[in-house]
Amino acid sequence: QQKIRIGIVGYGNLGRGVREAISQNPDMELVAVFSRRDPKSLEQRGESVRFVHMADAERFREDIDVMILCGGSATDLPEQTPQLASLFHTVDSFDTHAKIPEFYDKVNTAALLGGRLSVISTGWDPGLFSMNRLLAESILPEGKEYTFWGKGVSQGHSDAIRRIPGVRAGVQYTVPVQAAIDSIRSGETPELKTRDKHVRDCYVVAEEGADENAIREAVVSMPNYFADYDTSVTFITMEELQREHSGMPHGGFVIRSGVTGSGTKQRIEFGLELESNPEFTASVLVAYARAAFRLAAEGQVGARTVFDIPLGHLSPKSPEELRKELL
Ligand code: NDP
């Protein structure tokens, strides 16, 4: 059987994760990696991958079935997905929650125009967490839902620390409050404020001679990022930061606590514990690339979210094989 021919657009953490994930899926092959950077600079890494400049992507229309878009949500994907969606079937992990409806409309228009199929905003949140929230809410309409993130590195909060004068480097972990999780698991449905759900732990390398107290104050009082949380700031050395804090772990839980009948308690929980956020997200994108390919083969066009895609389409197995595994 013909393999699904994949292209990767954008070669950061996610792009590298997708390359690795494709090698775990024998029904797929990587055709090329597209980047805005000079392909020669990427070739120097010595990886056995074909690098092509983004400007030449269109030439690959006949050679690639699905483009997996791995650019950043802030500025790359709003431009790249609508641009490529009329040329290729695409999958992306656009995660700016408030802008998803607007993004959907743009991508849908482009995909319909080109007769292509685009899966938007997949990954784990949005993505697997969104699916589990929908599942739990549909099954337990009377209930309360909670999402906890972490323990994991938040890129946005880490960047915010690094912008403070006197800071050389820094990493921020979002950590769920165990007491809150325990209370929900015991069947309670508490009203939780921002501060009750997560704490923020920061590890900071200060510049030589910098005032640590001033840095700590600047972190904990920063509006939107830290002021609404209990935040700890620990000063460490550069060596310690590189040794202990260079991974990109993440994860979390979606919990819905509800009642059925005359007040019988029911609870649904979905959790992730990830040693590498980008490698995991990449694995989700690759499974959805298969689904995009299948939907397109059925003649479907336009944009789709995880809510619109039959679960069986994610699997390399046939519907007959999957039916045998129902039990
Ligand atoms: P990166 O910052 O590593 O990469 C983003 C882009 O920046 C790349 O596509 C690449 O484009 C460019 N880039 C990467 N490294 C370099 C470099 N050394 N020099 C110059 N340019 C570089 O982001 P991530 O891969 O970690 O994440 C991408 C997005 O994935 C995030 O913005 C987030 O929105 C999303 N995400 C979604 C999740 C979900 O659950 N839905 C979970 C995790 C992430 P180019 O090759 O063209 O230069």
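Below, all heavy atoms of this structure are taken into account, side chains as well, without hydrogens, waters or symmetry copies. Remember, it's 1-based here, ligands and their atoms both numbered in the order they're listed.
- A heavy-atom cutoff of 4.0 Å around ligand 1 is satisfied by the protein residues G10, Y11, G12, N13, L14, S35, R36, R37, C70, G71, G72, S73, D76, S93, D95, T122, G123, W124, D125, P126, N277, T281.
- For D76 and R36, the salt-bridge test passes: some basic side-chain N is under 4.0 Å from an acidic carboxylate O.
- Salt bridge annotation for E273-K151: absent, with no cationic side-chain nitrogen under 4.0 angstrom from a carboxylate oxygen.
- Taking a cutoff of 4.0 Å between a charged side-chain nitrogen and a carboxylate oxygen, K144 and E191 qualify as a salt bridge.
- Side-chain rings of Y11 and F51 approach one another, their centers coming within less than 6.0 Å.
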Q. Under the side-chain hydrogen bond (donor to acceptor under 3.5 Å, both in side chains) criterion, do R290 and N25 qualify, and how do the steps go?
A. CA-CA 10 Å; R290 180 181 294 116; N25 288 275; 3.0 Å; yes
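- Ion pair D65/R5 flagged as a salt bridge, since at least one NZ, NE, NH1 or NH2 atom sits closer than 4.0 Å to an Asp/Glu carboxylate oxygen.
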